[in-house]
Amino acid sequence: MQLKGSSNDAYLAFVVSGMYNQTVNERIEIRPRSMPYFSTNKQKRSKVLFELISKEGRARRGVFQCAHGPVQTPVFMNVGTQGAIKGAVSAQDLKEIGCQIELSNTYHLHLRPGDKLIKELGGLHQFMHWDGPILTDSGGFQVFSLSGLRKISEEGVTFSSHIDGRRIFMGPEESMEIQANLGSDIAMAFDECVENPAPYEYVKASCQRTLRWLERCKAEHSRQRSLSAAVNPQQMIFGINQGGIFPDLRIWHMQETAKIECDGYAIGGLAVGEETQVMYDIIDAVEAYMPVEKPRYLMGVGTPSNLIECVARGIDFFDCVLPARNARHGKLYTWSGFLNIKNEIHKRDPGPIDPQCDCPVCRQFSRAYLRHLFASGEMLAMRLAVLHNLYFFNALMSQMRKALDEGRFEEFRAEYSQKLAGRA
RNA sequence: GGAGGAGUUCCCGAGUGGCCAAAGGGGGCAGACUGUAAAUCUGUUGUCGACGACUUCGGUGGUUCGAAUCCACCCUCCUCCA
């Protein structure tokens, strides 16, 4: 197991070796509920949850304790919406590509196979055979992405299922109950991810409603956690900041959200159409109002240079479908930019995707072979491409953590922020 | 040897006198994608000194103001009969 700059991720190697030693018959929770990772004592717990190890400028290096293990931050969460990373990547593969924490989706898993079924089968960890931390998104993004299929009210959102058209209702309570059934380590509050641009008055009213929803989420979250049948009694909850591209709304909403005690706080509703600089400006505005002692999660972001720029702005958690989706479409990331492996230029190239990459794909396969697999429509093409891209994103974060540990993050940022935005 | 059918741009295949550089599909080439309704979507695919010009629909010649489309001959392929 080789992780670029993995000296600070020794625990990963440990987890991976444990994973390899597992046999099919041992398909059980690796960390039983009876052996919590941290103390359940409430006071003690709130202190140890997020440890800020160091800072460089606004960039933060930390460790976040989840029920299924620690997460070294800043971190990129690998997205497996329906309990699987698209592109035929299993939880076992995630270990090999350096994934620390996986993200799945409330709305999608509720629709299929159903959260109650997953609870019946022992929770999402057991279901997908992933023993590391899981964050579940609340369905708030689907309020945005399925805009043609839903109706919002104070109570919640009525969706027309994108699968069969049947009407389903999801409000704060429903979302929290589903996430409790899934048993994720981190549950996200149910919010409305507002499109950009949207009228000021609409965004304001939406933010006020999202605040009311957060109160309801908190209440239901506590209730679910205390149930004797709770899948994960240590599940945490993150609140979400909204406010479109209006700094004053963003700041006001962040201040109000921070008043509601959560285990972490997220910035949502960005990278949904606005200019990149606008996104950075919003983060600059909001960051100052985010509790220092809690992890910050920038939802749905982003490109490699976005990640570097946002770590520089004090963000700890990220997630994005981009590396996986782009991989499936042939766009691969390298330490000198990106390339489209389907392009003719790679037709007879015997070299790896990226000579600087230690991933299993770069160690074994040529660009020419990858291009051939894409041209032939082989599913191995997607699998290898996704493995590479996710490895790259995880390695990028690992490199940033290393740079932070060594006090040379700004140096790293100067070298790579622009470089990674360009073509290989 | 006789009878019938067919040859269209990289491939398959529409088109049977002007609105045809020629539908559609495939393939090729390129682009997009940011809490995943995405193995999706978009553009492009004769040449050039490019809002125009030139060359193209098996070949040659002809009819016509005008031909991928009509006529003659030739070439190639397919089917059936000897």
Side-chain angles (χ1 to χ4, degrees), chain A residues 76-89 101-109 111-112 135-150 159-165 175 179 184 186-196 238 240-242 264 266-276 278-280 297-307 309-310 315 317-331 333 338-347 371 373-386 389 393 421 423:
Chain A
F76 178 79
M77 299 185 279
N78 296 212
V79 183
T81 303
Q82 310 201 55
I85 281 71
K86 292 186 195 298
V89 173
I101 170 168
E102 191 267 353
L103 183 152
S104 288
N105 185 271
T106 299
Y107 167 85
H108 289 282
L109 291 175
L111 248 57
R112 190 169 52 193
L135 179 145
T136 40
D137 186 29
S138 60
F141 183 74
Q142 280 61 45
V143 180
F144 158 79
S145 66
L146 302 176
S147 61
L149 297 171
R150 52 78 172 153
F159 295 94
S160 291
S161 159
H162 69 278
I163 298 170
D164 60 8
S175 178
Q179 295 185 73
S184 56
I186 304 168
M188 294 306 297
F190 188 67
D191 66 332
E192 179 191 357
C193 177
V194 183
E195 65 176 357
N196 283 332
F238 280 20
I240 305 174
N241 166 251
Q242 291 288 345
I267 302 176
L270 289 181
V272 285
E274 79 285 0
E275 292 288 316
T276 302
V278 172
M279 173 172 86
Y280 293 159
Y297 164 25
L298 178 58
M299 307 185 80
V301 175
T303 66
S305 67
N306 287 163
L307 297 181
E309 287 308 304
C310 295
I315 303 296
F317 280 68
F318 299 88
D319 82 281
C320 193
V321 304
L322 213 53
R325 182 183 288 163
N326 278 340
R328 278 179 275 128
H329 299 164
K331 182 170 171 175
Y333 293 91
F338 60 84
L339 57 88
N340 187 339
I341 196 65
K342 293 195 272 192
N343 286 176
E344 192 171 21
I345 194 170
H346 306 115
K347 190 171 187 174
R371 181 182 133 89
L373 292 179
F374 267 104
S376 310
E378 287 292 341
M379 68 171 100
L380 182 60
M382 291 194 207
R383 177 175 154 76
L384 296 179
V386 171
N389 272 2
F393 272 60
R423 208 169 242 293

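Below, chain A is the first sequence line, B the second, and so on; all start at residue 1.
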**Prompt:** Residues two or more places apart in sequence or in another chain: which of them pass salt bridge (charged side-chain N to carboxylate O under 4.0 Å, His left out) with A/Glu192?
**Reply:**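 Partners of A/Glu192 under the salt bridge (charged side-chain N to carboxylate O under 4.0 Å, His left out) test: A/Arg209.
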**Any residue meeting salt bridge (charged side-chain N to carboxylate O under 4.0 Å, His left out) with A/Arg383, in chain and number order, not counting sequence neighbours** =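 Testing A/Arg383 for salt bridge (charged side-chain N to carboxylate O under 4.0 Å, His left out), a comparison that skips the adjacent residues, returns A/Asp93.
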Can you list, pair by pair, the side-chain donor-acceptor contacts under 3.5 Å of residues 319-330 of chain A, counting residues two or more places apart and other chains?
{"residue": "A/Asp319", "atom": "OD1", "partner": "A/Tyr297", "partner atom": "OH", "Å": "2.6"}
{"residue": "A/Asp319", "atom": "OD1", "partner": "A/Gly300", "partner atom": "N", "Å": "2.8"}
{"residue": "A/Asn326", "atom": "ND2", "partner": "A/Tyr333", "partner atom": "OH", "Å": "2.8"}

Which base sits across from [N] as a Watson-Crick or G-U pair, both distances under 3.5 Å?
N	answer
B/C70	B/G62
B/U55	none
B/U16	none
B/U42	B/A30
B/G1	B/C81
B/U36	none

**Message:** Checking the side chain of A/Ser376 only, and the main-chain atoms of A/Glu378 only, is there a donor and an acceptor separated by less than 3.5 Å?
**Reply:**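 Not confirmed, A/Ser376 side chain does not pair with A/Glu378 backbone.
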**Prompt:** Who are the ring pair (Phe, Tyr, Trp, His ring centres under 6.0 Å) partners of A/His108, not counting sequence neighbours?
**Reply:** A/His162
**Item:** Partner residues of A/Phe159 under the ring pair (Phe, Tyr, Trp, His ring centres under 6.0 Å) criterion, sequence neighbours left out
**Value:** A/Tyr107
When we call it a touch if two heavy atoms are under 4.0 Å apart, what does [X] touch: a base, just sugar-phosphate, or nothing?
X	value
A/Asp319	sugar-phosphate
A/Asp191	base
A/Ala266	nothing
A/Gln242	base
A/Asn343	sugar-phosphate
A/Leu135	nothing
A/Ile163	nothing
A/Gly269	base

When the [atom1] atoms of [M] and [N] are compared, how many Å lie between them, rounded to an integer?
N	M	atom1	answer
B/G28	B/A82	P	47 Å
B/G15	B/G49	C1'	33 Å
B/U63	B/C70	C1'	8 Å
B/G5	B/C10	P	29 Å
B/U55	B/G7	P	25 Å
B/G31	B/C12	C1'	27 Å

**Request:** Sequence neighbours left out, what passes side chain to side chain contact (heavy atoms under 4.5 Å, CB included) with A/Ala189? Give chain and number order.
**Result:** A/Leu214, A/Cys217
**Fill in**
side chain to side chain contact (heavy atoms under 4.5 Å, CB included) test vs A/Asn105 passes for just one of A/Thr81, A/Leu111, A/Val79, namely A/Thr81
**Message:** Reading RNA chain B in the 5' to 3' direction, which nucleotide is the first one with an atom under 4.0 Å from a heavy atom of chain A, and which is the last?
**Reply:**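 The footprint of chain A covers B/C29 to B/U40.
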**Prompt:** Are the side chains of A/Phe318 and A/Asn306 in touch, meaning some heavy atoms are under 4.5 Å apart?
**Reply:**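 No. Closest side-chain heavy atoms not under 4.5 Å.
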**Item:** side-chain hydrogen bond (donor to acceptor under 3.5 Å, both in side chains) involving A/Asp191 - partner list, sequence neighbours excluded
**Value:**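 So A/Asp191 forms a side-chain hydrogen bond (donor to acceptor under 3.5 Å, both in side chains) with A/Gln242.
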**Message:** Short of 4.0 Å, heavy atom to strand atom, which residues of residues 137-146 of chain A count as contacting RNA chain B?
**Reply:**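 Those residues whose heavy atoms fall under 4.0 Å from RNA chain B, taken from residues 137-146 of chain A in numerical order, are A/Asp137, A/Ser138, A/Phe141, A/Gln142, A/Ser145, A/Leu146.
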